[in-house]
> 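One structure is given below, represented as structure tokens, and several questions about it will come after.
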Amino acid sequence: MVSTDRLLAFAAMSFLLIVIPGPSVLFVIGRALAQGRRAALTTVMGNTVGAYVLVVAVALGVGTVVERSVVVFTALKLVGAAYLVYLGVKAVRQRGSLRAAFSGDGPAEQGALRTFWEGFAVGVANPKTIVFFAAVLPQFVDREQGHVALQMLLLGLVFNVIAITSDSIWGLVAATARGWFARSPQRLAMVGGVGGLAMIGLGVTVAATGRKD
């Protein structure tokens, strides 16, 4: 199995990557500002599951294809970017209904599953995570110990534990700030629009993200 030294080294590198806000973190923050704490944490769970699907893909060898193929990587990246823009536009259009959702009279609870799957889609199409898992994760595997796929799954679990903790903190902090805006319908509508615009900007940024090759 993975040695303690390799595990700690991977955890440290994962932490450095995770604490720098990327698509998933910014998406969680946008969700927290637009829809509140519950939506933010549900999004975090979706993101985490999506990221672990990437780990499984790398463990099965699929990640290598994505990392080496410019066409596959670009296609996946653009799909994720387009989805972020779509969610941002939807958030801007629905900003007037945020007060009802905040008070519990809106459709927030009914949309919990949809919120989860939207978070999942962003997590599984995150270029930053794809590259990290495909290019960095295999370097921490001790192939002489065998059970390579199992080692990758364990390392990926370590990454996700750190990610879910960090992303949840970001979401809770953003949701707390949203509470102040919720005291006024105008403020709440404004923050909903800002959250939507942030998602749109994030989508454009992801689309513009290139590769060294």
> Using a 4.5 Å cut-off on heavy atoms from C-beta on, say whether the side chain of Ile164 contacts that of Met45.
yes
> Got a second to check how far Ile18's CD1 is from Asp167's CG, nearest 0.5 Å?
7.5 Å
> Could you give all pairs that pass the side chain to side chain donor-acceptor pair (under 3.5 Å) test and reach residues 156-166, with sequence neighbours left out?
none
> Locate the shortest heavy-atom distance separating Gly36 from Ala175; write the atom from each residue and the value.
C-CB, 4.0 Å
> Relative to the ring of Phe116, is the ring of Phe120 parallel (under 30°), tilted (30 to 60°) or perpendicular (over 60°)?
parallel
> Taking the side chain as C-beta and beyond, is there a heavy-atom pair between Phe27 and Asn47 under 4.5 Å?
yes
> Quick one: does Val173's side chain get under 4.5 Å of Ile29's, heavy atoms only?
no
> How long is the gap from CZ on Arg31 to CD on Glu118, to the nearest 0.5 Å?
4.5 Å
> I need the minimum non-hydrogen distance between Ala32 and Ala40, along with the two atoms involved.
CB-CB, 3.6 Å
> Tell me, do Phe140 and Leu7 make a side-chain contact under 4.5 Å, heavy atoms counted?
no
> Could you measure the distance from the CG atom of Leu137 to the CG atom of Leu153? Nearest 0.5 Å is fine.
9.0 Å
> Should Arg37 and Thr176 count as side-chain neighbours, where that means a heavy-atom distance under 4.5 Å?
yes
